[in-house]
2 protein chains.
Amino acid sequence: MSIASDMIRGHTDTIILAHLMSGDSYGYKINRSISEKTGGQYELKEATLYTAFRRLEQLGFISSYWGDENTGARRRYYSITPAGVQEYHRMLGEWEQSQRLIQTLITS
Amino acid sequence: MSIASDMIRGHTDTIILAHLMSGDSYGYKINRSISEKTGGQYELKEATLYTAFRRLEQLGFISSYWGDENTGARRRYYSITPAGVQEYHRMLGEWEQSQRLIQTLITS
DNA sequence: AAAATATACCTTGACAGGCGAAGTATATGG
DNA sequence: CCATATACTTCGCCTGTCAAGGTATATTTT
């Protein structure tokens, strides 16, 4: 990972929700996907990822169920809920806004 | 303040360095300036601001001296150091990079 | 004259998120 | 049979933010 964690902090949840917008998935795969999408420049740490799942489920933004794999390790799948979809859009809006704000503030 | 702190987190130091790029200044004024620049949408909390000053000075990115006001409250002025200027440019680069990364990851 | 407000700085303790480290379990390739 | 890949989980530390409280001086209001 080459990007500072504090830059991503506050976006972890949105990144996960974004992935689930394209359909149910599970932890390991989501992390793989992030790594691929960024050309290996970024990946969530496992502890961070699974902590985020707990938090998002707690908040009602995602729900989970065990997959019925008959081979390999068991997988816990996650679905985004309607509240999660709404939250995702809200977060996107915040990103747009904060992006402009930060740009204003860090260019001297 | 209407913007989530976690969105700004990781940029506090850069915001301060950016301000000092335009010349020496002191805490209260910098915070005012941030508030004005963002139309009141964002302001650093005092504790956060002064913690950041300590951190940046510790790291050698800024240096401080007491102003010689003969009226009003005393002011501690801050200067950006050469190392701070370098760090500022590095941070700007990180911002460009992470901005692209986040954009990639949060748009489904 | 007293009280309120603005300027200006500082410290303490709590909290939340990220993450290193370690552990559990199954399947596959050498 | 052992290493590696897949897949999930928990514990405890670290760091940055911030609410709350404090100090001190000058101006404005009552």
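In what follows, chains carry the letters A, B, and so on, assigned in the order in which the sequence lines appear, proteins first and then strands, with residues in each chain numbered from 1. As a basis for the values below, the full set of heavy atoms in this structure was taken, side chains included, without hydrogen atoms, waters or symmetry mates.
- Residue Ile8(A) contributes atom CD1, which lies 16 Å from atom C1' of dG16(D) at whole-angstrom precision.
- One finds no side-chain N or O of Ser5(B) lying less than 4.0 angstrom from the OP1 or OP2 phosphate oxygen of dT17(D).
- Among the nucleotides dC19(C), dT15(D), dG17(C), the one closest to the side chain of Arg9(B) is dT15(D).
- Taking atom CE on Met7(B) and atom C1' on dG16(D), their separation rounds to 16 Å, with Å as the unit.
- For Tyr50(A) and Arg54(A), the side-chain atoms include no donor-acceptor pair closer than 3.5 Å.
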Exercise for the section: Between protein and nucleotides 8-13 of chain C, map the contacts as a letter string: B base, S sugar-phosphate only, - none, heavy atoms under 4.0 Å, written 5' to 3'. Expected result: BBBB--
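- Without hydrogens or angle criteria, Thr51(A) side chain to Ala47(A) main chain gives a donor-acceptor distance under 3.5 Å.
- One interatomic measurement links the two molecules: NZ of Lys45(B) to C1' of dC18(D), which rounds to 7 Å at whole-angstrom precision.
- Ring geometry for Tyr77(B) against Tyr65(B) counts as parallel: the plane angle stays under 30°, on a 0 to 90° scale with 60° as the upper cut.
- The interatomic distance linking Leu44(B) (CG) with dC18(D) (C1') rounds to 11 Å, in whole Å.
- With hydrogens and angles left out, the side-chain atoms of Glu57(A) and Ser64(A) include a donor and acceptor closer than 3.5 Å.
- In this structure, the CZ atom of Arg55(B) is 6 Å from the C1' atom of dG16(D), given to the nearest Å.
- A straight line from CG of Leu49(B) to P of dT17(D) spans 10 Å, rounded to a whole angstrom.
- Connection of Phe53(B) to Ile106(A) is established within a shared hydrophobic cluster, with ILVMFWY side chains joined at heavy-atom distances below 4.5 Å, either directly or through further cluster members.
- Around the CD atom of Gln86(A), the shell of radius 6.0 Å holds no more than 12 heavy atoms that belong to other residues, nucleotides or ligands.
- Between dG17(C) and Thr48(A), no contact under 4.0 Å exists linking OP1 or OP2 to a side-chain N or O.
- One atom, CG of Asn31(B), and another, P of dC18(D), lie 11 Å apart when rounded to the nearest Å.
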